[in-house]
Amino acid sequence: MHIDEIDTPAVLIDMDRVEANLARAQAYADANGLPLRPHVKTHKLPEMALKQVALGAVGITCQKLGEAEAMADGGLTDIFLPYNILGAAKLDRLAALNDRVTLAVTADSAETVAGYAARFGKDAPLKVLVECDTGAGRCGVQTAGQAVALARQIAAAPGLIFGGLMTYPPKGGVARADAWLKEAKTALEAAGLPPETISSGGTPDLMKAAEGSVTTEYRPGTYIYSDRMQVALGHGTLDDCALTVKATVVSRPTGDRAVLDTGSKALAADPAPAPMRGHGHIVEYPDAIVQALSEEHAVVDLSACDARPRVGETVRVIPNHACVVTNLHDRVYLIRGDQVEREARITSRGKLQ
Ligand SMILES: Cc1ncc(COP(=O)(O)O)c(C=O)c1O
């Protein structure tokens, strides 16, 4: 099938670009002896995850339990879930998943560890890493001392195994994260609890990830598709972006305005990464600005464009944030050039619990 036959709005994945993006990252990881554990939140497709593992990834990372269950159903066998899992319902599901795959989770509080410790026993122990806030300002213990205290609590629980340290580093913050983790590693070694794994990750720093001297695993996610945000942060160019949203021009109310059938429910409403403008990059009209989104409409400012689209024309839009787009659609079209190889159902889409 030709891509012209795909109805809109629809997500197209350029497989040549996917393969180039994966190969580039894996070559860097191999050259620097840094195992990759890709985050699947970008594609949410077991077949892409299997491709990443076949290329050399040591396993995968999932953000949500439901996402991890769908990946296990899809044949993935080694899963890191860097999240505080809380509450009886989720802990039961976590135990069931732990019986099916090689699994590790994180904790950044005594309460989370206590929940794991109460649910897991010696017969099927759970591996737990301590999440560290190395500057990103999200989850994570705040000091090396707190990391040691939590590691001790984990190691003392019969049904838990202390697995090491995990961080989601500040963007552009390899050195800062590394200094933090090095101090925590030294403190843990002094406490008799050397961390087996030190997991860091993020696409913006992927191609300098090996500068993190204590990192033992790296978790890039968006690198597989890339998007405008990653390009703005310095990772590759728009020509590396594999995910586009195909859209139809449904209206041309004025000479300077076009309206596409991709609103926030198809393109996602993440703001433009500076210095870029607008809610996406229209490949065929690079000077156009997607200036506003409502749920099912994208309003495009054409005032800077020489050529302008007509009603009924289709275009392809590189979104600001590919991962959120993936979560909005039931399926993607895997393409090569202008041919559709096939459709793939996004099995982890919407698995928010
Ligand atoms: C815990 C964790 N690890 C890894 C990643 C991957 O980051 P990126 O999409 O920048 O590659 C994310 C992204 O949100 C994350 O939250």
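One-based numbering, in listed order, for ligands and for the atoms of each.
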Worksheet item: Of the choices Leu206, Asp205, Ile224, Thr203, which has the non-hydrogen atom that lies closest to atom 11 (O) of ligand 1?
Response: Thr203
Worksheet, complete the sentence: Here the atoms of ligand 1 under 4.0 Å from any heavy atom belonging to Pro220 are 11 (O)
Worksheet item: Any idea which atoms of ligand 1 are less than 4.0 Å away from a heavy-atom of Gln63?
Response: 1 (C), 2 (C), 15 (C), 16 (O)
Fill in: Nearest-contact summary for atom 12 (C) of ligand 1 - protein heavy atom, Å
Tyr168 CE1, 3.4 Å
Worksheet item: What's the shortest distance from atom 9 (O) of ligand 1 to any protein heavy atom, and which residue and atom give it?
Response: Thr222 OG1, 2.5 Å
Worksheet entry | Approximate separation, where rounding is to 0.5 Å, of Leu260 CG and Thr8 OG1 | 9.0 Å
Worksheet item: Is there a donor-acceptor contact under 3.5 Å from the side chain of Asp205 to the main chain of Lys208?
Response: no
Worksheet item: Is it true that Lys41 lies under 4.0 Å from ligand 1, counting heavy atoms only?
Response: yes
Worksheet item: Around atom OH of Tyr83, are there more than 12 heavy atoms of other residues, nucleotides or ligands at under 6.0 Å?
Response: no
Fill in: Carboxylate-amine/guanidinium contact Asp270 Arg228, below 4.0 Å
no
Worksheet, complete the sentence: Between Leu243 and the options Thr42, Leu12, Thr326, Val332, the side chain to side chain contact (heavy atoms under 4.5 Å, CB included) test singles out Thr326
Worksheet item: For atom 7 (O) of ligand 1, what is the nearest protein heavy atom, given as residue, atom name and distance?
Response: Gly202 CA, 3.5 Å
Practice prompt. Measure from atom 16 (O) of ligand 1 to every heavy atom in His39, His321, Arg219, Arg138 and give the option owning the shortest one.
Written response: Arg138
Fill in: Proximal ligand 1 atoms for Met166, defined as those under 4.0 Å from one of its heavy atoms
1 (C)
Worksheet, complete the sentence: Partner of Asp330 under salt bridge (charged side-chain N to carboxylate O under 4.0 Å, His left out), picked from Lys44, Arg345, Arg349, is Arg349
Discussion item. At less than 4.0 angstrom from any non-hydrogen atom of Pro204, what atoms of ligand 1 do you find?
Written reply: 10 (O)
Practice prompt. Determine whether more than 12 heavy atoms belonging to other residues, nucleotides or ligands lie under 6.0 Å from atom CG of Asp99.
Written response: yes
